Amino acid sequence: MNFTWTDEQLMIRNIVRDFAQHRVQPEVPRMEKEDRFPKELVEEMANLGLMGIPIPKELGGVGLDFTSYVMVIHEISKVSPALGVILSVHTSVGTNPIVHFGTNQQRQKYVTKLASGVYLGAFSLTEPGAGSDASALKTTAVKKGHHYLLNGTKMFITNGGAADTYIVFAKTNETGKDNEISAFIVEKSFPGCKVGKLEKKMGLHGSNTAEMVFEDCEVPAENLLGKPGEGFRVAMANLTAGRIGIAAQSLGIAEGAFHAALSYAKQRKQFGKSIASQQAVSFKLADMATHIEASKLLTYQAADAYDRNQPCKKASSMAKLFASKTAMETAKEAVQIFGGYGYTKEYPAERFFRDAKVCEIYEGTSEIQKIVIGKHVLGENT
Amino acid sequence: MNIYVIMKRTFDTEEKIVINDGVIDEDGAEFIINPYDEYAIEEAIVLRDEHGGEVTVVTVGDEDAEKELRTALAMGADKAVLIDVEDVDEELDHFSISKALTAYFSKKEYDIILGGNVAVDDGAGQVASRVAEGLGINQVTTITSLEIDGTAVNIERDVEGDVEKIETSLPLLVTCQQGLNEPRYPSLPGIMKAKKKPLDTIDLDDLDLEEEDVEAKTKTIDRFLPPEKQAGKILEGEVDEQVDELVQLLRNEAKVI
């Protein structure tokens, strides 16, 4: 068992920390206020090589391990959870599926551009009537000659509108089996692919969440990702990586909120001494720090298992469940420590509070994570 | 073009610094490349990309400085050299460091040597200038613009806020001032490549120097932090009275007018 970072990981961490503090932090107020996608920051991330960290070198990525990628999401999310999720969705579920299930042609065409940050990626599974129950989706893909025609509406698509490519899941009818779902690589520029309304969210301002509408959207037959009917497998395989990414984002939120609360508690004086020296507050800080540490261990343990190709479905669900809960609890307590100031937009606590909530919802709700973990515990999913 | 950069590893002045008995506590300190040296590294890389050649980053220190050398390599430098003085018993100062560097450069072929204007830790600004003197080459400090055409060099330098334009020629040593460029962050692919780039360690023997040759000319008696900033003073009363009081305070207490 070895809990130390490599020199290389430490160097990456320092650079990303510096980038987050000096380049990202100054943009946060504007992202909050205008709720505008931070295109320039994403370009800067691409220049640093951050858009293809765990993607193999021969496909235009950096070829680093998944753990290093998780560390980058963690660091960026301490400052901007919105930027953290843009990166996580782009890589874990926007690019990874093509790396793992794509043909050589698809990889050369799309992964090289996604990994270098020329393209931004997104993942389109959720629909108005199909959230946690992904199999209930209604979008259809019908083969017509050399094309599939896609029809349907997708919801809550992170990076929607900003992204160039979308992994879209739709019902097909090619194998004769019931409830057949297939995955497709859809470019935003394909005829019939439209960006619907942008959601106005509680938090994560600056990160797009859009509706995507497909009306007789023409997708070339060679853009079928994986085999016909393999869609559910494609989705599930990459949700594991996605969950570890969101665990890392949650961890960043928790630490961001904790450090803001800690430094405030040290300088805020009431009754003649700093509030941090009041046991009521120091106990809160102790609980926050302990839960953060536990989340960190679960998250990096899951990332490490992923790197070593070990089963990590349970580990990723546990990391996501616990880290997102920790983010929410920590942000809530941070607001409390800031007191009245915590309820204002002058201080970062309320932003972390609003950003944290979605971590318990997307990439599988906490309840879904418990179903996954429960099945593993009961030995039904071995 | 043979381009060299003199780099110093220094503690991060954005972090809290703890001093015990006149010695900076390194346990809690974060270390970085001296920010002024980052300008030098950036400029060196730009020069190489424009004129060809090679960038070598040199530092005097111990094994710990390898981390900052690797960072310079990750930014895009081609080679790194550590002049390791960890085993030297003598106390070292700016003279010692410049002596070692001068000995190193006297065996090399160089067109330009770049350094930072000062190091943010002790702010002496001595080493680079001493090296230029030791080598007997042209030097220009606090540069904010650099153009090289053949061996002719056009420079703008910062003179207390004014700009001085200078024409000089290679071989040359310059020290870099804020405003010269915007240092790049090392990219992740850059970090991966840096692992395979050469990082050589040499010691005083390799430079034909004895320990006595680098013995410090100065002795540091003590180090201490500046006094803590006092809370501001809020003046009260009629505006006229406040103005009078302010003028009095500026004259007698702050002694700025």
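In what follows, chains carry the letters A, B, and so on, assigned in the order in which the sequence lines appear, proteins first and then strands, with residues in each chain numbered from 1. Keep in mind that this is a model prediction, so the values were computed, not measured.
In terms of heavy atoms, Pro186(B) sits closest to Met75(B) at CG-CG, 3.7 Å.
In this structure, CD1 on Ile143(B) lies 6.5 Å from CG on Leu114(B), to the nearest 0.5 angstrom.
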For chain B and chain A, give me every donor-acceptor pair shorter than 3.5 Å, distances to one decimal.
from      : atom 1 : to       : atom 2 : distance (Å)
Glu14(B)  : OE2    : His22(A) : NE2    : 3.4
Tyr185(B) : OH     : Asp18(A) : O      : 3.4
Tyr185(B) : OH     : Asp18(A) : OD1    : 2.9
Leu188(B) : N      : Leu48(A) : O      : 2.7
Lys195(B) : NZ     : Glu8(A)  : OE2    : 2.6

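Checked against side-chain hydrogen bond (donor to acceptor under 3.5 Å, both in side chains), Thr59(B) has no partners two or more places apart in sequence or in another chain. Partners of Asp122(B) by side chain to side chain contact (heavy atoms under 4.5 Å, CB included), not counting sequence neighbours, listed by chain and number: Lys8(B), His94(B), Ala119(B), Ala124(B). With sequence neighbours left out, Gln242(B) forms a side-chain hydrogen bond (donor to acceptor under 3.5 Å, both in side chains) with no residue at all.
Exactly one of Thr141(B), Thr144(B), Asn117(B) qualifies for a side-chain hydrogen bond (donor to acceptor under 3.5 Å, both in side chains) with Arg157(B). That residue is Thr141(B).
Within the 4.5 angstrom heavy-atom criterion, no atom of Ala194(B) approaches chain A.
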